[in-house]
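Each chain gets a letter, A, B and so on, in the order the sequences are listed, and its residues count up from 1.
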Amino acid sequence: MYEHDVIVVGAGGAGLRAAIAAHEAGADTAIVSKLHPVRSHTGAAEGGINAALQEGDDWELHAYDTMKGSDYLGDAPAVETLAQDAPEDTMRLEHWGMPFSREEDGRVSQRPFGGLSYPRTTYAGAETGHHLLHVMYEQVVKRGIQVYDEWYVMNLATSDEPNPKDRECHGVVAYDVQSGQIEGFKANQGVILATGGPGQAFDHTTNAVSCTGDGHAIAYRAGVPLEDMEFIQFHPTSLPSTGVLISEGVRGEGGILYNEDGERFMFEHGYANNAGELASRDVVSRAELTEVNEGRGVNDEYVHLDMRHLGEERILDRLENILHLAEDFEGVDGLVEPMPVKPGQHYAMGGIETDENGQTCISGLYAAGECACVSVHGGNRLGGNALPELIVFGKRAGRHAAGDDLGEPQIKTGYGNDVEDETDVELPVTPGSAGIGTDDGVAADGGPRSASDARSDGGIATDAAGAIERAVERERERVDRLMDRDTGIQHAEIRQKLQTAMTDYVNVFRTEEGVKKALRIIRECREEYQDVYVDDPSRTFNTDLQQTYETRNLIDVAETIALGALVRTEFRGAHWRAEHQERKDEEWLKHTLISWNGGKPDIFYRPVILEGDEKTYEPKVRSY
Amino acid sequence: MSTQQPEPESQEAPTDPEFQGAESSVDEAERSGGDIDQTAADPTDLEGETVLIKVFRYDPEVEAKQEPRFDDFHVPFTKGMTALDAVIYARDQYDSSLTFRHSCRQAVCGSDAFFINGKQRLACKTQIAELEQPIRIEPLPHQEVVKDLVVDMDHFYDQMHAVEPYFQNEETPAIEDLEEQRQSRENREKIKMSTRCIWCGACMSSCNIAAGDNEYLGPAAINKAYRFAMDDREPEEIKEHRLRIVEQEHGVWRCQTQFSCTEVCPKDIPLTEHIQELKREAVKKNLKFW
Amino acid sequence: MSQSYNRGLVEDFSRWKEFSAGMWAWIFHKFTGWMLIGYLFTHIAVLSTATSGEMVEVNAADLPNVEGTGMTEVPLYDATLGGLESLLIIRILEVGLLAVAVFHILNGIRLLMVDLGIGLEAQDKSFYASLILTGIITVASVPTFLAGVGF
Amino acid sequence: MAERYSSFAPGGTRWLLQRITAVFLIVVLAMHFFLLHFVNHAAEVTLADTEARMQNIGYFLTMVLFLWAGAFHGINGVYNALVNQGLSGTQKKVVLAVLIVAGVALVGQGTYVALVMSGMI
Ligand SMILES: Cc1cc2nc3c(=O)[nH]c(=O)nc-3n(C[C@H](O)[C@H](O)[C@H](O)COP(=O)(O)OP(=O)(O)OC[C@H]3O[C@@H](n4cnc5c(N)ncnc54)[C@H](O)[C@@H]3O)c2cc1C
Ligand code: HEM
Ligand code: SF4
Ligand code: F3S
Ligand code: FES
């Protein structure tokens with residue numbers, strides 16, 4: 001067993017920032033990550049970091065834009081914290097050597113971005129995320145913070161009280177991918193989950209293969225509610241074969257979208273008569289899919305993004321990296337042919353419910369970054385708002401876990417008096433745990449109660465070391481079970497089925513029938529998963545085993561997305577419902593929360609906090 | 001874990017060249033036929049065909065793989081298919097124990113540098129259509145193989161860490177005076193290429209000097225040092241300190257300008273140029289004191 | 001630590017077909033450098049015959065550097081050099097030495113340029129140029145080198 | 001360590017000397033070849049001619065310098081090549097010692113020969 005004060009799970013932007021903050025606050029900090037830190041998906045971010053840095057700009061404007069962008073589903077305390085802290089934390093990056101793009105006078109450049117009332121997106125070329133990630137990893141190296149890289153976190157070690165709010169998180173169980181060894185990690189002060197997005201729940205995503213929602217799933221099964229999971233952002237221009245993102249810059253420079261018949265459908269079919277290709281992400285994504293669904297898609301799959309008319313010179317000058325992307329990942333030369341594009345899953349607005357200090361309802365358990373939902377993005381994230389979220393809330397979580405006093409949070413977490421219970425939605429299938437034990441056969445972390453659980457006193461284990469030992473034992477048994485079996489189904493098949501269902505039915509367009517179908521398929525996947533086995537018999541670098549674990553997490557996460565999509569009967573932000581074409585503020589100014597509840601998902605709601613420090617944000621029609 | 005090394009000479013190589021994929025590919029192709037788009041509008045020569053990949057296999061724990069061998073996989077070609085797509089297909093459809101690192105699929109995470117048809121390349125950035133068949137996919141040379149295409153990167157990381165890869169200036173100021181440091185556009189331009197490194201290790205693997213001299217810092221680490229040494233935001237003393245690190249015996253002088261690092265770098269970083277510039281900087285700095 | 005497999009040096013030399021320009025330049029420069037230093041040792045050894053002061057009797061007809069005919073007395077130095085020079089194999093070796101030296105000089109200049117940061121993008125072209133120039137100079141010098149050897 | 005700042009790290013000195021000698025060698029080696037194979041054909045060289053050339057102090061000095069530079073350049077080159085292939089520890093020390101002895105022998109003998117040729121001894 002390894003022991004540290006603070007254990008950070010995940011080493012993307014959020015995890016690294018949290019670790020640095022915890023270390024600076026004096027805690028003995030360690031990072032456990034399934035990838036080496038510089039491999040994290042934060043490195044893929046291109047656009048930039050929103051921060052009100054310049055004179056003339058103001059954090060309040062940033063907060064206002066963010067709230068409006070969220071379609072009034074962001075919580076004001078979180079939104080204001082983000083806007084207030086972003087400038088300082090961005091400058092901190094500058095002082096750590098981040099190579100920001102510069103103005104003539106040597107100051108950092110800022111550029112305009114969708115939905116912003118002031119050009120406040122700070123950037124470093126078209127590789128902002130890469131630099132952010134590397135600069136922060138460098139600081140981790142400088143501070144000598146211990147990194148357990150290529151250690152896959154399988155589960156949390158929490159205590160077992162019936163009410164999640166009484167539980168305590170003592171650490172995690174992880175396995176060393178290289179050697180296959182399973183070990184407990186004891187966290188004396190806190191565990192911070194920073195495991196990134198759940199993009200792999202969809203089969204077409206701009207997210208990395210490693211974005212499997214592990215943190216979501218393990219927190220969820222330990223009793224923390226997942227919040228607003230139905231809000232998924234789809235980016236209109238990703239390459240069809242890989243999902244690699246083609247930046248909005250192409251359309252910004254004048255790139256045009258065509259359907260199979262060569263029509264400029266954004267105008268000719270009236271999707272956006274004013275903004276055309278430059279309409280907001282959700283509008284363009286829906287337009288593209290409508291074209292495809294109505295039989296006007298190229299190869300019935302995608303549309304064309306054409307930039308040839310911009311001329312070679314302009315393209316080489318401003319969009320050179322796009323040429324490389326199209327060439328390297330799609331085999332298409334953007335100078336001579338149009339590029340195929342289609343909408344791809346891009347970002348999850350929802351996530352593990354936390355307060356503005358990053359804390360969840362389980363004491364000692366924190367979440368930050370894309371896996372968390374504070375919530376700042378509400379129904380729709382503005383471009384350039386995810387990276388500041390990583391550094392602002394990563395830092396806060398780290399400091400809080402290390403014992404710094406950040407004040408009483410205004411955002412409440414967990415099931416409590418302030419929530420609204422509404423379980424009258426009709427579900428097509430029973431969600432939640434399958435086969436593995438009955439209701440009370442499921443331990444707090446979602447695993448089955450096993451022989452090793454039996455304690456002489458029959459009561460709840462409160463001692464940390466004991467909780468960790470039990471959790472380790474449970475994972476060892478699970479692994480043995482998966483490895484010993486040599487017939488059944490392989491995870492890849494289940495994952496494929498799950499991803500296809502999500503993309504078919506819980507995509508840009510959502511109908512009641514479709515989402516229900518998805519829930520049924522997810523249920524099937526869950527049942528099939530009972531027979532899953534790991535074919536690779538080796539303990540050395542067994543990615544088969546790791547992916548089998550990830551697939552299980554994806555099932556849980558996909559289910560919450562579909563459940564959320566089914567119960568939210570309105571059209572807000574990125575969530576579009578065929579039967580409900582307007583935003584319903586009277587009924588739906590509230591967050592969807594889903595908690596595992598011992599294997600039987602429980603759905604409830606918490607009102608959005610629109611009162612900020614000085615002003616209240618009045619919901620307005622979101623138009624640009 | 002056991003520590004005995006496999007002894008390649010003393011064991012007979014189980015020759016099983018036409019492993020798995022060869023036969024199974026027929027029904028697999030059928031099974032997956034439905035969701036593979038074989039009728040793309042813009043067919044290339046390979047459209048609708050299968051490509052043959054030969055993948056290096058090794059696993060210390062599996063008897064048949066203790067002696068490295070190559071397995072053949074037949075993968076149905078689709079337009080835009082990359083070498084990474086091909087191995088993913090082989091893994092998901094034929095042999096789930098096929099092991100390799102990968103994550104971003106877009107050349108930013110640096111996990112999937114392999115030795116493909118005799119050259120260090122990022123698999124996700126390598127179009128199948130541009131390779132000669134059969135395609136030979138091996139782990140990076142000059143690194144210990146952990147399993148299949150996975151190599152031990154620890155040494156690479158050690159070398160990267162050895163150049164103090166972090167910005168050094170006076171203590172970070174307090175919040176109130178977090179005034180930004182100015183940096184000229186020219187200076188940012190100068191370090192721009194060097195900041196693009198994704199730690200893939202391709203350069204190090206291609207360098208024969210690094211292969212011969214384990215202590216050689218290697219092109220990636222020297223480039224990292226360059227990135228900081230040339231950044232005007234760091235004070236002059238720190239720059240001298242950095243030059244002192246790279247001019248040690250196993251530093252820049254080891255480079256024999258073989259250029260293979262520059263040729264394989266997927267981020268097109270002019271590594272040799274940076275190394276040479278550091279050599280000159282080091283000489284210049286030392287000459288001053290004569 | 002789990003065990004891992006070291007493929008050793010096999011890579012370096014079984015892969016020569018895949019070497020690129022810079023690699024070949026490196027190998028050739030090494031090779032020619034070693035040849036030259038090797039030659040320098042031999043060269044000094046041969047020249048050392050000048051220090052003996054000894055005279056030997058030779059047939060002037062056999063030696064290209066001795067005028068006249070019939071048996072004469074010449075310094076050991078002349079006899080050795082002349083003796084060597086009268087052998088076809090030595091003449092051929094001399095051509096080889098020239099090739100080696102010319103390549104080493106040309107590639108050496110290329111390397112010096114690289115050290116100065118000049119023309120790095122053309123490093124492969126300059127290598128090919130060195131090779132071709134070496135070839136031309138070598139061929140052009142053959143008549144001079146082979147002149148007067150007993151054909 | 002202030003004193004370290006006033007001199008080269010060992011790697012650097014030799015690297016620079018290797019280049020400086022190379023520049024010198026380019027010129028002299030080219031001249032040498034030209035003179036002894038194209039102007040005077042090697043086949044026609046005699047002790048008398050050699051001695052005549054060597055009597056010219058400029059030529060003599062050039063040749064001696066040529067020898068020293070060549071010896072340093074060549075031997076340092078060989079040493080580098082070996083070290084680059086991963087020589088270390090005792091092996092490295094032995095190789096260095098052998099090369100130094102060989103180098104000193106070469107330079108010594110060569111200089112002696114040159115002195116004899118020039119008639120100085
Ligand atoms: C293509 C693309 C472009 C984007 N561009 C922008 C932009 O311009 N501006 C912007 O603001 N945002 C952008 N975003 C969004 C933003 O980049 C992400 O939301 C953000 O980087 C997520 O960071 P993270 O630290 O939360 O997670 P990640 O960077 O994904 O890191 C997750 C970490 O968790 C680890 N991990 C996961 N599971 C486990 C486990 N089970 N055990 C151990 N470790 C685990 C991983 O190893 C990894 O280190 C973009 C996103 C994408 C995909
Ligand atoms: C005539 C002009 C010459 C030039 C321009 C030249 C140039 C160079 C250069 C630049 C190197 C260094 C290569 C490196 O470190 O990467 C080198 C190496 C070497 N040179 Fe020369 N050289 C010349 C003559 C000679 C002569 C006359 C000799 C023999 C006595 C010689 C023997 C060597 C040797 C042995 C090496 C080392 C090769 C190796 O690394 O294995 N060179 N030369
Ligand atoms: S320098 Fe290039 S080849 Fe080397 S590790 Fe960095 S990106 Fe990879
Ligand atoms: S390949 Fe090696 S020798 Fe130098 S130029 Fe690159 S580091
Ligand atoms: S998968 Fe990330 S670099 Fe190739």
Side-chain angles (χ1 to χ4, degrees), chain A residues 35-36 38-41 43-44 88 91-92 94-97 99 101-108 125 127 129-131 134-135 138-139 141-142 178-179 208-210 239 241-245 298-299 301 325 328-332 337 490 492 496 534-544, chain B residues 1 37 39-42 44 59-62 78-82 85 91-92 95-97 99-111 124-125 127 129 146-147 150 153 157 161 165-167 169 172-173 175 178 180-185 188 191-192 195-196 198-199 228 231 233-234:
Chain A
L35 302 173
H36 182 275
V38 301
R39 319 280 176 224
S40 302
H41 202 54
E88 176 200 327
M91 272 306 114
R92 189 72 72 196
E94 202 278 331
H95 278 270
W96 285 341
S101 292
R102 299 280 168 169
E103 289 302 309
E104 279 309 338
D105 63 358
R107 309 190 64 146
V108 298
E127 300 138 355
H130 164 81
H131 294 307
H134 281 255
V135 161
E138 287 159 15
Q139 292 299 314
V141 173
K142 179 177 185 182
Q178 182 138 344
S179 71
V209 174
S210 59
L239 295 173
S241 60
T242 46
V244 168
L245 184 76
V298 185
N299 284 322
E301 195 198 350
L325 292 176
D328 295 339
F329 304 114
E330 199 68 43
V332 164
E337 40 187 337
Q490 294 208 340
Q496 184 58 51
V534 174
D535 197 36
D536 188 347
S538 169
R539 295 270 167 167
T540 303
F541 223 97
N542 192 331
T543 48
D544 193 5
Chain B
M1 284 251 86
D37 180 19
T39 55
D42 188 4
T44 63
D59 187 332
E61 282 182 70
V62 176
T78 48
K79 185 170 159 55
M81 183 178 239
T82 62
D85 296 333
R91 179 196 64 197
D92 287 352
D95 182 357
S96 63
S97 70
T99 305
F100 46 92
R101 291 192 182 97
H102 66 301
S103 181
C104 70
R105 310 160 301 148
Q106 50 186 282
V108 293
C109 75
S111 357
C124 61
K125 196 173 177 266
Q127 287 286 320
V146 174
K147 178 173 168 183
V150 176
M153 295 288 284
Y157 296 145
H161 293 171
Y166 37 79
F167 197 74
N169 49 5
T172 316
I175 298 166
L178 258 181
E180 68 194 277
Q181 311 165 86
R182 303 294 173 100
Q183 184 185 24
S184 71
R185 279 193 174 168
R188 175 176 135 84
I191 60 165
K192 187 176 97 184
T195 60
R196 294 174 62 182
I198 55 173
W199 296 46
F228 290 105
D231 192 325
R233 290 175 293 172
E234 279 194 346

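- Nearest heavy-atom pair, B:Val146 versus A:Phe541, reported as atom, atom and distance to 0.1 Å: CG1-CD1, 4.3 Å.
- Using a distance-only test at 3.5 Å, with no hydrogens or angles considered, no donor-acceptor pair links the side chain of B:Arg105 to the main chain of A:Val244.
- A donor-acceptor contact shorter than 3.5 Å is absent between the side chain of A:Arg107 and the backbone of B:Glu180.
- Interface remark: A:Thr242 contributes backbone and side-chain atoms alike to the contact with chain B (heavy atom separation under 4.5 Å).
- Interface residue A:Ala208: backbone and side-chain heavy atoms are both found under 4.5 Å from chain B.
- Of all non-hydrogen atoms in A:Thr543 and B:Phe100, the two that sit nearest each other are CG2-O, 4.5 Å.
- Considering every non-hydrogen atom in both A:Gly97 and B:Asp231, the closest pair reads O-OD2, 4.4 Å.
- Between A:Thr540 and B:Pro60 there is a side-chain heavy-atom pair separated by less than 4.5 Å.
- For chain A, the nearby parts of B:Thr195 are the backbone and the side chain; heavy atoms of each come within less than 4.5 Å.
- What you find for B:Lys147 and A:Asn542 is that their closest heavy atoms are NZ-CA, 4.0 Å.
- For A:Glu127, the part lying under 4.5 angstrom from a heavy atom of chain B is the side chain only.
- Judged by distance alone, with hydrogens and angles left aside, the side-chain atoms of B:Gln127 form a donor-acceptor pair with the main-chain N or O of A:Asp328 at under 3.5 Å.
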Go through the steps to decide whether B:Lys79 and A:Val332 satisfy the test side chain to side chain contact (heavy atoms under 4.5 Å, CB included), and finish with yes or no. CA-CA 9 Å; B:Lys79 185 170 159 55; A:Val332 164; 4.1 Å; yes

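- Among the candidates B:Lys125, B:Lys192, B:Gln181, the residue making the largest number of heavy-atom pairs closer than 4.5 Å to chain A is B:Gln181.
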Working for side chain to side chain contact (heavy atoms under 4.5 Å, CB included), residues A:Glu94 and B:Arg233: CA-CA 10 Å; A:Glu94 202 278 331; B:Arg233 290 175 293 172; 3.1 Å; yes

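- Considering all non-hydrogen atoms of both residues, A:Trp96 and B:Phe167 come closest at O-CB, 3.1 Å.
- In this structure, A:His41 contributes its side chain and B:Ser103 its backbone to no donor-acceptor pair below 3.5 Å.
- Residues satisfying the side chain to side chain donor-acceptor pair (under 3.5 Å) test with A:Ser538, not counting sequence neighbours, are B:Asp59, B:Glu61.
- Chosen from A:Gln490, A:Glu330, A:His36, A:Glu103, the residue pairing most often with chain B at heavy-atom distances under 4.5 Å is A:His36.
- Comparing B:Glu234, B:His161, B:His102, B:Arg101 by heavy-atom pairs within less than 4.5 Å of chain A, the highest count is held by B:Arg101.
- With sequence neighbours excluded, no residue satisfies ring pair (Phe, Tyr, Trp, His ring centres under 6.0 Å) with A:His131.
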Tell me, with the steps shown, if B:Ile198 and A:His130 meet side chain to side chain contact (heavy atoms under 4.5 Å, CB included). CA-CA 8 Å; B:Ile198 55 173; A:His130 164 81; 3.8 Å; yes

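- Listed options A:Ser40, A:Pro99, A:Gly129, A:Gly125 were ranked by heavy-atom pairs under 4.5 angstrom with chain B; first place goes to A:Pro99.
- Between A:Arg39 and B:Gly110, the shortest heavy-atom distance links the atoms NH1-O, 3.2 Å.
- B:Arg185 places no side-chain N or O within donor-acceptor distance of the main-chain N or O of A:Ser101, the cut-off being under 3.5 Å.
- Residue B:Met81: no heavy atom, backbone or side chain, is found under 4.5 Å from chain A.
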